[in-house]
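Comments concern the structure below.
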Amino acid sequence: MTKRQLAGTAAILLALSVPASAQDDTQPGKRPTVSRDAPPSSNATVNLINLLVKQGTLSEDQAAALIKQADDEAYVARQASRDATTKAEGAEKAAATATDAVSPPGTKRVTYVPEIVKKQLRDEIRAEVMAKAEKENWASPGKYPEWAQRIRFYGDIRARYEGDHFPAGNGPLQNYNAINTGSPFQEDFFAVPNFYLPPSYNVTQDRNRFRFRARLGADVDLFDGFTAGLRIATGDSSSPVSTNQTFGGNGGDFSKYALWLDRAFIKYQPVQDVSASVGRFDNPFWSPTDLVWYKDLGFDGFAVQAKQEVNEGFTPFFVGGAFPTFNTDLNAGLNIAELDLNKNVVPVKLPSRDKWLLGAQTGFAARFDAETNLTMAVAYYDFTNIRGRLSSTCLVYLASDTCNTDLLRPTFAQKGNTYMRLRNIPDVATPQQTVDFQYYGLASDFRPVVASAQLAFTQFNPIQITLDAEYIWNTAFDRAAVAAVAVNNFAGTPSGVAGPYGGGNQGWLTRLTVGNKEIKHLWDWNAHVGYKYLESDAMVDAFVDSDFGLGGTNLKGYFIGGNVGLGENVWASVRWMSANGITGLPYAVDIVQLDLNARF
C-alpha cells in the first residue's frame, strides 16, 4: 500500500470511528496529538496514525494534517446534520399544523419522512455549510479570510549614527533654499560689501546626529490586474529625498514625530510584462546608482512600463511617464490692484507656472550565460518651465510684495545648482526702497540624457560581483547664457575675489560591489567601493542623493561601505563618504554612517 493510500485510509477511519458524542466534546487546543513516542490511544484511528508515524510511513506533520482535516470535515458534517434535523423538524411541525387544521377532533396522526428525503436535505445543507466554510475560512482556524489574504503589509526600521566632519578652510556656502522657501533676501545695493548676510549652511562645525527611519506600507490585490499601494514614513520635513528623523528634533524634549504619506498609487497590470501606475509610487526608471535619482525618491504622476523577451536571455524594456513637480496655487497673485474696463479695482493674478518632468527610457537585459548578466539603458528627461526668468520692472517696498516671476523659484532644493536673480528691481533709491527683496531661480534649463549599465557575475554563487556605472549630460545647458546671469559657482581665487564661472553639465559614477546580492540571513554580507563626480548643473539638485556631501550637486569624491546580516532580515551597515566641491568657494566634508536595519 502506498503512502497516499495509507493516508487516505487513515483519514477515512478517523472520520468514521470517532463517535458523534465524542466529536461534539472536542474543544480547540484539545485535539489528539501525534508523536513518535505517543502512548496508545483509545481512539483506534489515532493509534493507527501514530503507528504509521513510528514506522516512518508518515511524518508527524502529515499525520497532524490528516487529523486536522478529518476534524474539520467531521465538524462540517455534524453542522450539516444538525441543520438538516432542524429543518426536518420545522417542516414536520408545519405539516402537522396544517393537518390538524383539516382533521376532525380526536384524529391521531403518525408522521413519516422518507429516508431519501432526509439524505437529500443533509446533502444540500452540507454543501451550503462547506461553501460558506471555504469562503470565510472558519473551518480552518488560523487562516485569514479571503479579503484579508489580498493585503500584504510590509515595513522597515533603521537606526543611524551619523558624523559630519569638516576640515579647516571651508568657505561660506549660501543657502538658497532657505531664501526661496522663506522671506526674500535683502540685498543692500548701497553697501559694499552687502550689509545683510544671506543664510548659509554649516560647513565649519563638526556635527554628530542620531537618526531613525520608520516606514509601514501595504500592497492590495484588487481585481482583474488592478492593485493599490499605500505607505507612510517618518521625516524631519516633507523633503522628497529624506525620510530620516533626527532624535531630539521637532522641538526636542521627547516630542512626538510626524508621519508623511510616502506612497499612494493604483497600478494596472493586464499581463505579466506590462503595467501602468498613477499616483505616488517608486521610481519607475531603472537606475542602478543614485547619481541621478535618490534611491528612495517617490514620483508623482503617471508611468507605463513594458518588457518582452524576444530571444532567450535577451529582454528589451521601455519606461515612460509624466510627472508634475509644481502646480500653481489658484490664489497666486500680486499684492497690487488694477482697474478693469469699468474702472473697478481688481487684484492682479499671475499666469500659471506649472512645472513638469517628462521622461522616457529604453534598454535591455541580456543573459550571456548562467553566470553573466548585463543590463543597459538610455533615458531622456525634460524638466519644463523650471528655469528662472527675470521679471518685468518691479518695485518692492515690503518683503510680502510679489513680482511676476516669483513662482519660478524652486520650492525645494539641496545645494549645487547655479542661481540667478528673479526680480528686476531698479537700483534706484526711493523714500520707500533702499534694499532689494530678492528671490532666486535656476539659471539653466534641464534636459539630461542618462546612460546606465550594470554587469553582474555569479560564478561564485551566492557571492556575486557587480559593476555599476552611470553617466549624465545636461543637453540644455548653455554655459555663456548661464554665466551671464549667475550669482554663484564662481571659481575661487587667492585674493578672495570671485573668479570665472566654473559650473558644468556632466557627471558620472562607478561602483564595485562584492558579496550577497541581498542581506536576508545571518552572516550574509557585501561590500562596495566607488567614485562620484557630479557637476553643478548636470541635474536638478533637489532629486539627487541626500547623503553624499550632505546632498546636492557640484560634488566629487569616493565612498566605501559594507553590510552584514545579524539574523533573519536584520543587518548592520557602515559607510564612509569623502566629498569635495568642484567649483566655488572651498567645500569638503567626510561623513560616517553606522546603521542598524530591520525589515518585516
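Side chains included, hydrogens not; waters and symmetry mates left out as well; all remaining heavy atoms used.
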Evaluate the criterion side-chain contact (heavy atoms from CB on, under 4.5 Å) for residue pair F166 and T204; output intermediate values, then yes/no. CA-CA 6 Å; F166 301 97; T204 59; 5.6 Å; no

Any donor-acceptor pair under 3.5 Å linking the side chain of Q245 with the backbone of Y257? no

Any side-chain donor paired with an acceptor under 3.5 Å for N404 and S392? yes

Looking at D595 and A572, would you say the former's side chain and the latter's main chain have a donor-acceptor pair under 3.5 Å? no

Would you confirm whether N208, through its side chain, and F210, through its main-chain N or O, come within 3.5 Å as a donor-acceptor pair? no

Under 3.5 Å, is there a donor-acceptor pair between the side chain of D236 and the main chain of T246? yes

Apply ring pair (Phe, Tyr, Trp, His ring centres under 6.0 Å) to the pair F383 and W356, showing each step before the final yes or no. CA-CA 6 Å; F383 291 88; W356 286 79; over 10 Å; no

Salt-bridge contact D547-R575 (side-chain N to carboxylate O under 4.0 Å): yes

Could you check if a side-chain atom of R421 sits within less than 4.5 angstrom of a side-chain atom of Y440, using non-hydrogen atoms only? yes

About how many Å separate CZ of R158 and CD of Q593, when rounded to the nearest 0.5 Å? 7.5 Å

Return the CG to OG distance between L408 and S391, rounded to the nearest 0.5 Å. 10.0 Å

Between N474 and D445 (side chain of the first, backbone of the second, donor and acceptor by atom type, cut-off under 3.5 Å), is there such a pair? yes

If we only count heavy atoms from C-beta on, is the V482 to F477 side-chain gap below 4.5 Å? yes

So does S239 get a backbone contact from the side chain of S242, meaning a donor-acceptor N/O pair under 3.5 Å? no

Please name the pair of heavy atoms, one in D296 and one in R263, separated by the smallest distance, quoted to 0.1 Å. O-NH2, 3.2 Å

Could you go through the side-chain hydrogen bond (donor to acceptor under 3.5 Å, both in side chains) check for N175 and S200 one step at a time? CA-CA 5 Å; N175 187 343; S200 61; over 6 Å; no

Lys NZ or Arg CZ of R280 over F265 ring: under 6.0 Å, within 45°: no

Give a yes or no on whether R207 atom CZ has more than 12 heavy-atom contacts from other residues, nucleotides or ligands under 6.0 Å away. no

Could you tell me if the side chain of Q174 sits less than 4.5 Å from the side chain of I179, heavy atoms only? yes

With a cut-off of under 6.0 Å to the ring centre and 45° to the axis, is K355 in cation-pi contact with F326? yes

Apply the side-chain contact (heavy atoms from CB on, under 4.5 Å) test between Y587 and each candidate in I582, N580, N170; give the one that qualifies. N170

Are any non-hydrogen side-chain atoms of N489 and Y501 less than 4.5 angstrom apart? yes

Counting the benzene-type ring for Trp, do F323 and F299 have ring centres under 6.0 Å apart? yes

D221-T227 side chain donor-acceptor pair, cut-off 3.5 Å: no

Between F559 and Y531 the two heavy atoms that sit nearest each other are CE2-N, 3.7 Å

For a quick test of reading the model, state the closest non-hydrogen atom pair linking F437 to R423 and the distance between them. O-NH1, 2.5 Å

Apply side-chain hydrogen bond (donor to acceptor under 3.5 Å, both in side chains) to residues T375 and Q454 and explain how you reach the verdict. CA-CA 5 Å; T375 305; Q454 182 180 85; 5.0 Å; no

Would you say that P240 contacts F412 through its side chain, given a criterion of any heavy-atom pair below 4.5 Å between the two side chains? yes

Shortest non-hydrogen contact from D262 to A233? CB-CB, 3.9 Å

Distance from F446 atom CZ to I472 atom CD1, nearest 0.5 Å? 9.0 Å

What are the two closest non-hydrogen atoms of A413 and Y419, and how far apart are they? CB-OH, 3.3 Å

Report the C-alpha separation of F212 and F247 in whole Å, then their side-chain angles, then the decisive distance to 0.1 Å, and conclude whether the ring pair (Phe, Tyr, Trp, His ring centres under 6.0 Å) test is met. CA-CA 7 Å; F212 76 95; F247 286 111; 5.1 Å; yes

Between T418 and D537: side-chain donor-acceptor atoms closer than 3.5 Å: yes

Minimum heavy-atom distance G182-Y439, with the two atoms named: O-OH, 2.9 Å

Looking at R511 and P288, would you say the former's side chain and the latter's main chain have a donor-acceptor pair under 3.5 Å? yes

For the residue pair T328 / D354, report whether a side-chain donor-acceptor contact shorter than 3.5 Å exists. yes

Applying side-chain contact (heavy atoms from CB on, under 4.5 Å), run through Y154 and D219 and close with a yes or a no. CA-CA 8 Å; Y154 65 93; D219 289 329; 3.8 Å; yes

Atom CH2 of W473: over 12 foreign heavy atoms under 6.0 Å: no

Has the side chain of N554 got a donor or acceptor atom that lies under 3.5 Å from a matching backbone atom of K415? no

D156 with R599: basic N within carboxylate O range, under 4.0 Å: no

Does a side chain donor of either N244 or R209 reach within less than 3.5 Å of an acceptor in the other side chain? no

Main-chain N/O of V241 paired with S546 side-chain donor or acceptor, under 3.5 Å: yes

Kindly say whether the aromatic ring centers of W293 and Y381 come within a distance under 6.0 Å. yes

Under 3.5 Å side-chain donor-acceptor pair for S452 and Y471: no

Distance-only donor-acceptor check, side chains Q506 and E535, under 3.5 Å: no

Mind checking whether L512 and T466 have side chains closer than 4.5 Å, heavy atoms only? no

Quick one: does V203's side chain get under 4.5 Å of L173's, heavy atoms only? yes

Does L259, at its CG atom, have more than 12 non-hydrogen atoms belonging to other residues, nucleotides or ligands within less than 6.0 Å? yes

For a quick check under 3.5 Å, do S573 and N563 share a side-chain donor-acceptor pair by atom type? yes

Going through the checks in order, is the side-chain contact (heavy atoms from CB on, under 4.5 Å) test met by L216 and F600? CA-CA 9 Å; L216 178 63; F600 53 90; 4.0 Å; yes

Taking the side chain as every heavy atom from C-beta outward, state whether Q361 and F318 have any atom pair closer than 4.5 Å. no

Is it the case that the side chain of D541 and the backbone of S536 share a donor-acceptor pair, with hydrogens and angles ignored and the cut-off at 3.5 Å? no

Go through the steps to decide whether V450 and V378 satisfy the test side-chain contact (heavy atoms from CB on, under 4.5 Å), and finish with yes or no. CA-CA 6 Å; V450 180; V378 176; over 6 Å; no

Check this for me, if you would: do D290 and K295 make a salt bridge, where the nitrogen-to-carboxylate-oxygen distance has to be below 4.0 angstrom? no

